[in-house]
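Single-structure report; data block below.
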Amino acid sequence: MSNWHKLDAQKVLQQLGSDATSGLSTTEASRRLEKYSFNELIEQGLKNPWQILWEQVTASLVIILIVAALISSLLGDYKDAVGIIAIVVLIAFLGFSQEYQAQKAIATLKRLSLPNVKVLRNSRWEEISARYLVPGDIVQLEAEDIVPADCRVLESFGLRIQESTLTGISEPVDKDPQALAQADLQIGERHNMAYMDTIVTYGRGLAVVTETGMNTEMGCVASRIQAVEVQPTLLQKRLDHLGRGLAFASLALVAVILILGILRGEDLRLMLLTAITLVVAALPEGLPAVVTIALALGARQMLKRRALIRNLPAVETLGSVTVICSGKTGTLTENRMTVSVLDVAGQRIDLTTRMRTPVGEKNRERPFLLCQPPSVALLLAGSTLCNNALLEPDQDEPLYFRAVGDPTEGALVMASAQQGLWKADLEYLLPRIAEVPYTSQRQRMTTIHKFPSNASRIPCVLETVWHWSEKIGRISHIAFTKGTVNSLLDVCSHIWINGQAKPLTEIWHRHISVTYSQLAQNGLRVMGVAFRPLQSAQEWEDVEQDFIFIGMVGMNDPARPEVRDAVLTCKGAGIRPVMITGDHPLTAQFIAREVSIATNGRILTSDELSQLPTEELVAILEDVSVYARVSSEHKLEIVQTLQRRGHIVAMTGDGINDAPALKAANIGVAMGIRGTDVAKEAADMVLLDDNFATLVAAVKEGRVIYDNIRKFIKYLLSSNVGEIWVMLVAPFLGMPLPLLPLQILWINLTTDGLPALALGVEPAEQDTMNRPPYPPNENIFGRGMGRDIIWIGILMGIVSLGTGYVYWRIGNPNWQTMLFTTLTLAQMGNALAIRSERDSLFQIGLLSNKPLLGAVTLTLGLQLMVTYAPFFQKLFTTLPLSAVDLAVCLVVSSIVFWCVELEKWLLRRRQPRTSKLHLVPKVDKENHIQPIGVTASSLASPRLHVCNASKSRDRAASLRLHLRLKASGYKRK
């Protein structure tokens, strides 16, 4: 049953056959355990390891490599055969390990640590492993607990639960046991439910288990991961297509060469050997290895940029991305609640820039806020005293502090400490005596503090209150309250203006409401603060009335400063950034505008997505860049719909709820800091710093790698076409066999090895991120590469064969060596010329790719060794060349280089490169979507708890949040 939130608590207990005062009996719990099984996630549908291995070795290029190894064996070249088989084993091993690791996502779900839980059995509380929970068990939930199963809340005492791993909502959710009438509420809106593997951040509560194991929301996520089919990457598809094409071409080549040789009366054995040798030369057996090495080098380069690649083919797919679907919290923002606005009567202070200004040890100036009107400091002091968060030294960096407790309260304590108002100091002077805890009904928290009787002990921030109290009568205690603005206005009768309490008139009430709406529309979480002087202990019991409103505090999770530039880079590169978050629409809209993702005011939520038919969603998808309050199902639907539109989608995520979308996306990107193990296992890439800008840098690297893969494919195949052209045309000219089998293998070994690999590390071209991504369905020979391979190969063959033909016609015995050397040198010129698709070698610089320069130099040296060393002369049937002959080879072979350079010069003249000007739309801060109205909550009669100072630390939730003063640059001396 999925609608437990609709039922009253008593009806839930009745349907589950349980009792809130006695729980289940041991016998009944055992019976239900047999019926429902253990409370754990079950692995399903994993591939057999042999099935994964079989898929790897049956890829087209791998089959061709196996055939090439067999051919090499027939030629007696066992070393080459062993090398090719080693490449096959390496490729199969890498592919197997990558897919096997990806499938471990389901196993990781099962390995998530199951907590112990306090459960009511046989009318007494006992602690058991969550594995043995069954529906109907009554459990206790307290701060720092991991929720052990899906539960219906029965009692809540300030209970707040962080559900971001399931819903994507960054703020903790207040829990209330009241039934909810609406049936189709999203998970994040079911305030009377607690879900498996979420974390209690504040308060305590009582709940009854409704679902366990695979029936929980977490189990549903596991099932959706299993249902998502992994698609091959673009590079895998392109290489597979290339492999099939080369296989058919090789068979045709063997047939043509054999027929021509037999017709000319050549020795059948020699022709068969030559044909097979030429097939080995035509097949770029080094291609998979070079691709793998290039991808590995790219992955290493990305790791330096804080991006960890888990699936090597994903490196190239990054370069084809057309849409980046990004989360908000921690990726676009800094993942820390920060006080950004303070508003008191008649004055508003924006702290956004000041909070980011480092405060060094040598700065002796008085803190900024203490130089402002006293009511500003009073606002911060009140929010710090009425607060259960603590600051404690960071164990890793003792000079800095971090907040412990609720993130909102931690932000308030952090902001006060930065201005010199340390909570420990304030509580020492105004010790807490009593507290009215926060409840979701009242939506506020109140604390009572002893007011100093000695004027010398009164903090400077309370001097105005002390002077005012002297006029109305000496006070013994002071109460502070903080909470939602509407809840505070219900209990306030006055407002604090210029050191005096003035009546809260209708005009001031409306002014506060308008100011609150403005702050909320800017994506801020707004909290009000008020105080009340108490003259006797008799006023404690009914303390929440006649408060004096001080002001409002606006908080947000600020955008990372580098994200805006990264977003503009994306748009300049033709990539569309999209925000998909579980947060409130107003917050999402504000951040999206701040980082320039939002191009219009349109936002879609899960409720709206649920009502849209698929056809309409596809139609409006290109116009919507912000999705808020989005469930995991809709994240997956958005990704798949974009893919159906032909987009290559990169999807970021950190929670377990993101795993299905991460697995379905062309590139799944998990967060390294906040990401769960499940998200990381389902992803292709992990951002070690959780930064959107890092993802954009990785996209650039992916584009560079794909460009380089095309370059060395162009180089390998154009060189092979040149060799084939020489062998095919020579018989029609009446020439003997132009190249011997061993000479062909030598060319194949020297020119297809190091130079091709060096092309894989070619630096980025100038327009890498100033052009749109290439079409996803682009053929690997597209954009003229197939044409270039043919004409460069033919030119290479003509130049080499022409040189050999002239020397053969004049009877020079060196003709074969001349042809052999010219062909090798022409391929080196080709390697240098195709380093850039449009820029001249003289523009990009000969030394800009030193590995390629070294590879070309080494290849030239090896060719000279074959030509002039006696041992190799005998082995390869070569003759030494004179200086003039060698110079002729160098000059003639350079024709290929100059022709490629000429083509690029003509291309630059036809298509001059123009710099792009990115126009950033001005953000209209007034044009936001309308805020959602706040309904006044029914007020319950609060219970007053008398407090001891020693229990202050126990009251703070101990969930550690990495909210550091270091983020603001503050260090305590």
Side-chain angles (χ1 to χ4, degrees), residues 75 77 80 257 261 264 266-267 270-271 273-275 277-278 280-282 718-755 792-832 855-897:
L75 293 171
D77 189 354
D80 198 21
I257 291 177
R264 291 186 68 250
E266 295 282 357
D267 179 68
L270 178 62
M271 287 309 305
L273 189 62
T274 302
T277 302
L278 199 54
V280 173
S718 60
S719 298
N720 291 355
V721 167
E723 297 167 24
I724 293 170
W725 188 252
V726 167
M727 299 299 292
L728 284 177
V729 174
F732 293 99
L733 298 177
M735 295 175 63
L737 197 63
L739 292 171
L740 298 176
L742 199 56
Q743 292 174 341
I744 294 174
L745 290 176
W746 173 255
I747 295 175
N748 198 43
L749 174 65
T750 56
T751 62
D752 289 5
L754 291 177
I792 292 174
I794 291 175
L795 177 63
M796 197 180 300
I798 290 174
V799 166
S800 305
L801 188 59
T803 303
Y805 179 76
V806 170
Y807 274 70
W808 173 69
R809 288 286 296 178
I810 63 177
N812 193 320
N814 292 339
W815 72 269
Q816 195 173 54
T817 305
M818 289 288 292
L819 190 156
F820 179 33
T821 304
T822 302
L823 182 58
T824 302
L825 297 181
Q827 293 186 12
M828 293 302 95
N830 183 32
L832 292 173
V856 169
T857 304
L858 178 61
T859 302
L860 292 177
L862 292 174
Q863 184 63 30
L864 292 176
M865 180 186 70
V866 168
T867 305
Y868 294 103
F871 172 78
F872 290 101
Q873 287 177 355
K874 185 176 181 180
L875 180 64
F876 288 96
T877 318
T878 59
L879 295 173
L881 301 178
S882 66
V884 174
D885 290 342
L886 184 61
V888 169
C889 291
L890 285 170
V891 172
V892 174
S893 64
S894 68
I895 293 175
V896 175
F897 171 82

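- In this structure, CG on Leu862 lies 10.5 Å from OG1 on Thr824, to the nearest 0.5 angstrom.
- Using modelled atom types, no side-chain atom of Thr878 and backbone atom of Thr817 make a donor-acceptor pair closer than 3.5 Å.
- Taking CG of Leu860 as the start and CE of Met865 as the end, the distance is 12.5 Å to the nearest 0.5 Å.
- Taking every heavy atom of both residues into account, Gly793 and Val721 meet most closely at CA-CG1, 3.7 Å.
- Summarising the geometry, atom CE belonging to Met796 is positioned 12.0 Å from atom CD1 belonging to Ile895; distances are rounded to the nearest 0.5 Å.
- Looking at Leu801 and Thr822, their side chains never come closer than 4.5 Å, going by heavy atoms from C-beta outward.
- Considering all non-hydrogen atoms of both residues, Leu825 and Leu890 come closest at CD1-CD2, 3.6 Å.
- When each of Leu819, Val729, Leu733 is checked for a side-chain contact (heavy atoms from CB on, under 4.5 Å) with Pro738, only Leu819 meets the rule.
- In this structure a side-chain-to-backbone donor-acceptor pair under 3.5 Å is missing from Tyr868 to Leu879.
- Under the 4.5 Å side-chain criterion, counting only non-hydrogen atoms from C-beta, Leu823 is in contact with Leu739.
- Using a 4.5 Å heavy-atom threshold, the side chains of Pro880 and Gln873 count as touching.
- Between Glu723 and Gln827, the closest side-chain pair of non-hydrogen atoms falls below 4.5 Å.
- Taking 4.5 Å as the limit, every side-chain heavy atom of Thr867 sits out of range of all side-chain heavy atoms of Phe872.
- Summarising the geometry of Met828 relative to Pro755, their closest heavy-atom pair is CE-CG, 3.9 Å, with the distance given to 0.1 Å.
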Determine all donor-acceptor pairs shorter than 3.5 Å in which one atom belongs to a side chain in residues 802-812; sequence neighbours excluded.
| residue | atom | partner | partner atom | Å |
| --- | --- | --- | --- | --- |
| Thr803 | OG1 | Val799 | O | 2.8 |
| Tyr807 | OH | Asp885 | OD1 | 2.9 |
| Asn812 | OD1 | Asn814 | N | 2.9 |

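- Between the CG atom of Leu795 and the OG atom of Ser800 there is a distance of 9.0 Å, given to the nearest 0.5 Å.
- Within the 4.5 Å cutoff, no side-chain heavy atoms of Phe897 are placed close to those of Asn830.
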